[in-house]
> 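Have a look at the structure that comes next, please.
Numbers restart at 1 for each chain; the letters A, B, ... are given by sequence-line order, proteins then strands. What you are looking at is a predicted structure, and each value in this text was computed from that prediction instead of being measured.
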There are 2 protein chains.
Amino acid sequence: MDMEARAHSEHPEALRLWLRLLTCTQLVEKQLRSRLRERFDTTLPRFDLMAQLERAPEGLKMNELSRRMMVTGGNVTGITDQLVQEGLVDRVDVEGDRRAYRVRLTARGRKQFHDMAQQHEQWVVEAFGGLSEKDVSTLHRLLGRVKETMVARSQEPAA
Amino acid sequence: MDMEARAHSEHPEALRLWLRLLTCTQLVEKQLRSRLRERFDTTLPRFDLMAQLERAPEGLKMNELSRRMMVTGGNVTGITDQLVQEGLVDRVDVEGDRRAYRVRLTARGRKQFHDMAQQHEQWVVEAFGGLSEKDVSTLHRLLGRVKETMVARSQEPAA
DNA sequence: TATTGTTATACTCTATAACTATA
DNA sequence: TATAGTTATAGAGTATAACAATA
């Protein structure tokens, strides 16, 4: 459990921070994955897709889902196919563009997502149970800067 | 790029923090992966394994590597096989236990790792370039609490 | 020509479980 | 019996590229 031993070198602070960030994320993610699997027989990307749809009652187009989930289009097709087959989402035509669909939660999908989301949230709350409200907001703010840095960089021309 | 839209519900702070943590980690990780691939034709787990060995000049046993890298044993065997084939690490017998090996960096492995680590560190420093020294240390400290929470939990009997 | 979405394919990463050899 | 490590297998997750239909 000591991935952080990777730190060495002359800029140890940034490196140690990165390794800790990675460790924390992996620990939480592994726990969420295995619990989603155990209790709901589902995966994180499936949960993620449904979560995106829950916020968009009118549905989302495939390319919008792809952008929000930060994965390429082919993958979204696969996940969507599974969820359609289980009756949790459906594809509806977009008026005026016969190439495109919108993907929506079905009533059943909405209900199932609600159950999962409630559990999921409780697990997340537990994961951050060692932090005060102020700590949580500090973390959120500082990580926001990291996110900005990375997003800004990804929009620059390649170095 | 808006995974964080997943937040909903009554405990939005913890959830939003988790989604931001996940987004940040994914952004940094994807960049590191693709750069390691482009410049050194290697992967993050391979880099990780070599980094563990760099800190242990006398080498590490397979189960120790597995523990530190937080993955199961079979995977470590596969990665080690690749690195042995490329002459970057070698397996040496453990005196007094003919079941076990220790895996060590070769001279060539050490040299190649050094080059990679220098670049890797620079990329990481850039990723956190938006933070002051104090921010970095605050983040490190708060994430340390999260890590403790998760590690403590994983040692409890199953819920 | 460009865009939307799908299909086909391949690779990385991981876990599980059965196995061999040694303790 | 237990432990160290390997092998075999399966599945998640992802990217890339070629493709069809429509704009």
> Same cluster or not: B:Tyr101 versus B:Val71, using hydrophobic residues (I, L, V, M, F, W, Y) connected whenever any side-chain heavy atoms lie under 4.5 Å apart?
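No: no chain of side-chain contacts under 4.5 Å links B:Tyr101 to B:Val71.
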> Apply side chain to side chain contact (heavy atoms under 4.5 Å, CB included) to the pair A:Leu36 and A:Trp123, showing each step before the final yes or no.
CA-CA 10 Å; A:Leu36 279 174; A:Trp123 296 330; 4.2 Å; yes
> How does protein contact run along nucleotides 12-18 of chain D, one letter per nucleotide 5' to 3', with B for base contact, S for sugar-phosphate only, - for none, heavy atoms under 4.0 Å?
SSBBB--
> Mind running side chain to side chain contact (heavy atoms under 4.5 Å, CB included) on B:Arg37 and B:Thr43 for me, showing each step along the way?
CA-CA 6 Å; B:Arg37 169 66 64 201; B:Thr43 66; 3.2 Å; yes
> Can B:Gln112 and B:Asp115 be said to form a side chain to side chain contact (heavy atoms under 4.5 Å, CB included), step by step?
CA-CA 5 Å; B:Gln112 176 169 323; B:Asp115 295 344; 5.5 Å; no
> With sequence neighbours left out, what residues match A:Arg145 under salt bridge (Lys or Arg N to Asp or Glu O under 4.0 Å)?
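Only B:Asp135 meet the salt bridge (Lys or Arg N to Asp or Glu O under 4.0 Å) criterion with A:Arg145.
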> Is the phosphate of D:dT3, meaning OP1 or OP2, less than 4.0 Å from a side-chain N or O of B:Asn63?
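No, B:Asn63 has no side-chain N/O under 4.0 Å of OP1/OP2 on D:dT3.
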> Using atom CG of B:Leu60 as one end and atom P of D:dG5 as the other, report the distance to the nearest whole Å.
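Rounded to whole Å, this separation is 11 Å.
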> What's the spacing between A:Asp41 CG and A:Glu86 CD if we round to 0.5 Å?
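Going from CG on A:Asp41 over to CD on A:Glu86, the span is 8.0 Å.
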> Is any NZ, NE, NH1 or NH2 atom of the basic residue among B:Arg35 and B:Glu38 found under 4.0 Å from an Asp or Glu carboxylate oxygen of the other?
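Salt bridge: no.
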> Go through the steps to decide whether A:Leu15 and B:His120 satisfy the test side chain to side chain contact (heavy atoms under 4.5 Å, CB included), and finish with yes or no.
CA-CA 9 Å; A:Leu15 212 43; B:His120 178 266; 3.8 Å; yes
> Distance under 4.0 Å to a non-hydrogen atom of chain B counts as contact; along DNA chain C, which nucleotides mark the start and end?
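With heavy atoms of chain B under 4.0 Å away, the range is C:dT12 to C:dA23.
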> Short of 4.0 Å, heavy atom to strand atom, which residues of residues 85-100 of chain B count as contacting DNA chain D?
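Hits under 4.0 Å, by residue number: B:Arg91, B:Arg99, B:Ala100.
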> Give the table of side-chain donor-acceptor pairs shorter than 3.5 Å for residues 87-96 of chain B, with sequence neighbours excluded, one pair per line with atom names and distance.
residue : atom : partner : partner atom : Å
B:Arg91 : NH1  : B:Asp81 : OD1          : 3.2
B:Arg91 : NH2  : B:Asp81 : OD1          : 2.9

> With sequence neighbours left out, what residues match B:Thr72 under side-chain hydrogen bond (donor to acceptor under 3.5 Å, both in side chains)?
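B:Asn75.
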